[in-house]
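Report on the following structure.
The analysis underlying the following values was restricted to heavy atoms, covering all of them including side chains, and did not include hydrogens, waters or symmetry mates. Ligands are counted one by one from 1 in listed order, and the atoms in each one are counted from 1 as well.
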Amino acid sequence: MCGIVGYVGDERKTKSVLIEGIKRLEYRGYDSAGVALLEAETEEPVVIRKVGRVDNLSNACKKALKEGFHAVNGIAHTRWATHGRVTDENAHPHRSSDGKIILAHNGVIENYESIRKFLTTKRYTFSSETDTEVLANLIAYHYQKEPESENGLSRFAKSVRKTFNHVEGTYGVAVICTDYPDRLVGARKGSPLILGVGKDECLLASDVSAVIANTNNVVYLNDGELVEITKDGYHISNWDYTQIEPVIHTVDWDIEDAEKSGFDHYMLKEIFEQPKSLENAMRGRFSEDASTAKFGGLNIDVSQLRQMDRILLLACGTAWHAALVIEYLIEKYARIPVEVEYASEFRYRNAPLDKNTLVGVISQSGETLDTLEALREAKRKGYHTMAITNGVGSSIARECHGGIYQHAGPEIGVASTKAFTSQVLIGAMFALYLARLRDMSYGEGKSIVAELKKVPDLVHQSLSEAEKIKEIAKRYSQYPDFLFLGRQSLFPIALEGALKLKEISYIHAEGYPAAEMKHGPIALVCEDCPSVFIVESDEIQNKVVANMQEVKARGGKVICIQSEDCTIPDGLADEVITLPKVHSMIAPLLATIPMQLLSYHIAIERDCDVDKPRNLAKSVTVE
Ligand code: M6R
């Protein structure tokens with residue numbers, strides 16, 4: 001949550017790089033946006049902050065800055081409000097009351113009140129309700145006490161370092177000091193910050209999408225690291241001022257991947273990208289000889305893995321739903337008991353765990369703080385951990401013992417779509433891998449590999465229902481409540497369908513195992529509450545059909561997402577969306593596609609901003 005960008009390089013580009021950069025980070029928060037620029041001629045700062053989207057800020061900049069305005073450096077921010085209301089005054093960047101320091105922050109400063117009291121006694125003043133403003137003033141306080149450095153870090157960078165010795169909480173920051181127009185300082189702990197290394201320019205950003213238009217070369221900063229950048233280079237150091245040798249990564253996607261490419265919304269683009277993202281999740285990960293899946297980065301040997309007699313999966317939101325599907329798949333095919341827990345609950349629950357438990361975390365961004373802290377808690381207790389994540393170089397990717405990258409490409413829409421299906425597919429491959437280490441035969445493994453390889457084509461085929469789903473969405477967009485119902489591995493898909501609809505259309509929706517309906521939720525069923533059933537032609541199909549009858553008997557509408565060989569009595573469902581009949585390992589993944597399209601089109605009918613739903617942010621880096 002919150003996105004920050006910093007730039008030092010070509011003076012003519014500073015403003016546009018920053019505005020474009022935070023536009024790409026807008027999915028991290030869109031309550032307000034702001035920019036601070038050190039004007040090239042005067043080296044005086046211009047700070048512009050506006051409630052609302054980056055477009056508001058961009059218009060305000062056009063009005064406020066004269067033609068040909070250039071800046072020697074600058075920082076920008078897009079906010080997801082935590083402390084302080086959504087106002088221009090609370091928007092970042094914040095400036096110290098002596099005017100020297102300007103700062104953009106992502107994270108939460110937990111001890112801001114005591115710092116504020118201390119600084120007030122030193123005559124620093126405050127003009128916002130945020131926790132962040134104390135950072136600008138505390139850096140200014142240390143700066144005025146700090147002697148000029150003779151070598152190594154500048155006085156400016158040292159004062160930033162000293163500040164963070166007194167700060168509790170999380171932060172990724174980009175800082176300007178008006179006495180040092182040639183540079184910016186960045187630092188991180190608990191919130192992401194990357195360094196982009198271009199030709200005659202350096203950038204700081206919360207994630208790669210903000211720098212990818214300028215450079216593919218990035219350094220993922222670690223917690224506790226501080227970086228000082230100029231247009232000619234950078235210097236990274238840790239808490240004790242020791243210089244760090246950076247590892248420069250080359251990002252393997254480009255600006256086109258982070259754009260809408262002709263689609264109306266990122267969410268729609270990402271739904272339609274699924275054949276490709278799923279192909280990427282599988283690439284090079286099957287062993288035909290052994291009829292199994294293979295993973296390069298698990299960092300656990302087979303004998304250790306064989307000894308695991310329990311798996312605990314931790315995640316939040318949509319990734320938690322993926323974990324629930326994976327639980328079904330691993331238990332069914334590999335016969336290993338799996339538990340799934342909300343990462344945020346696990347951290348504080350002090351759950352007793354068996355010795356031979358493998359702890360897996362799932363996170364698209366790799367930065368979700370609840371999941372990261374759960375991972376840390378599991379590591380602290382000595383468990384072997386692994387992650388499924390799309391966030392290359394993310395905090396979770398770096399801190400787990402091993403893992404599997406999703407390679408889904410950037411997911412910009414706040415509502416997760418392609419990341420979910422790729423997590424489910426990787427989970428299915430992992431289930432196959434574990435099963436083949438245990439009791440699954442070569443023959444069965446071979447046929448599952450063949451089925452999994454069909455996934456991209458099957459998803460492509462399912463996407464062809466889009467027009468029909470759009471028409472259904474038109475008929476149902478004004479209903480106030482929805483139930484989503486499925487059984488077994490389709491139950492988490494019902495949960496995910498309900499979450500997607502809630503998130504982007506603000507319609508109240510609940511997901512349940514279909515059989516649970518009669519234990520309470522059936523009270524909601526009426527003409528105004530349609531039920532979306534997801535059903536397969538399996539041994540419990542008839543039970544689900546009976547639940548549909550119960551809904552119909554109470555005047556409820558039925559939307560049925562079914563595999564093509566289901567035998568649902570004619571006329572029972574008001575709407576039918578048909579999917580190809582597939583192997584049961586793939587059924588949950590495929591059933592997700594119509595859910596995504598249904599919620600997307602309902603949200604469009606209701607005129608909702610699907611890519612930036614109210615109150616949400618893509619990467620939740622606060623607890
Ligand atoms: O980046 P993560 O997968 O860790 O994010 C977890 C959740 O915050 C995320 O899935 C959230 O629920 C999305 N809004 C779902 O669409």
Working for ring-ring contact (aromatic ring centres under 6.0 Å, His included), residues H508 and F482: CA-CA 6 Å; H508 165 239; F482 274 75; 9.9 Å; no
For atom 9 (C) of ligand 1, the option (of L499, I396, T318) bearing the nearest heavy atom: T318
Within-shell test, K500 vs ligand 1, heavy atom, strictly < 4.0 Å: yes
Exercise: do N280 and K418 side chains pair donor with acceptor under 3.5 Å: no
Beyond-backbone contact of L305 with L358, side-chain heavy atoms, under 4.5 angstrom: yes
Interfacing atoms of ligand 1 (cut-off 4.0 Å, heavy-atom, Q364): 1 (O), 2 (P), 3 (O), 4 (O)
Those atoms of ligand 1 less than 4.0 Å from some heavy atom in A319: 3 (O), 10 (O)
Nitrogen or oxygen atoms of S365 and ligand 1 under 3.5 Å apart: yes
Ligand-side contact atoms (ligand 1) for residue partner A415, heavy atom cut-off under 4.0 Å: 16 (O)
Closest protein heavy atom to atom 8 (O) of ligand 1, given as residue, atom name and distance to 0.1 Å: V620 CG2, 4.0 Å
L616 heavy atom under 4.0 Å from ligand 1: no
Residue pair S395 / R188, side-chain donor-acceptor N/O under 3.5 Å: yes
Protein heavy atom at shortest distance from atom 2 (P) of ligand 1: T368 OG1, 3.2 Å
E503 N/O under 3.5 Å from ligand 1 N/O: yes
Ring geometry between F295 and Y433 (parallel below 30°, tilted from 30 to 60°, perpendicular above 60°): perpendicular
Candidate with minimal heavy-atom separation from atom 7 (C) of ligand 1, of A419, C316, S394, A322: C316
Distance flag, aromatic centroids of Y383 and H401, threshold under 6.0 Å: no
Parallel, tilted or perpendicular: ring planes of W320 versus Y342, cut at 30 and 60 degrees: parallel
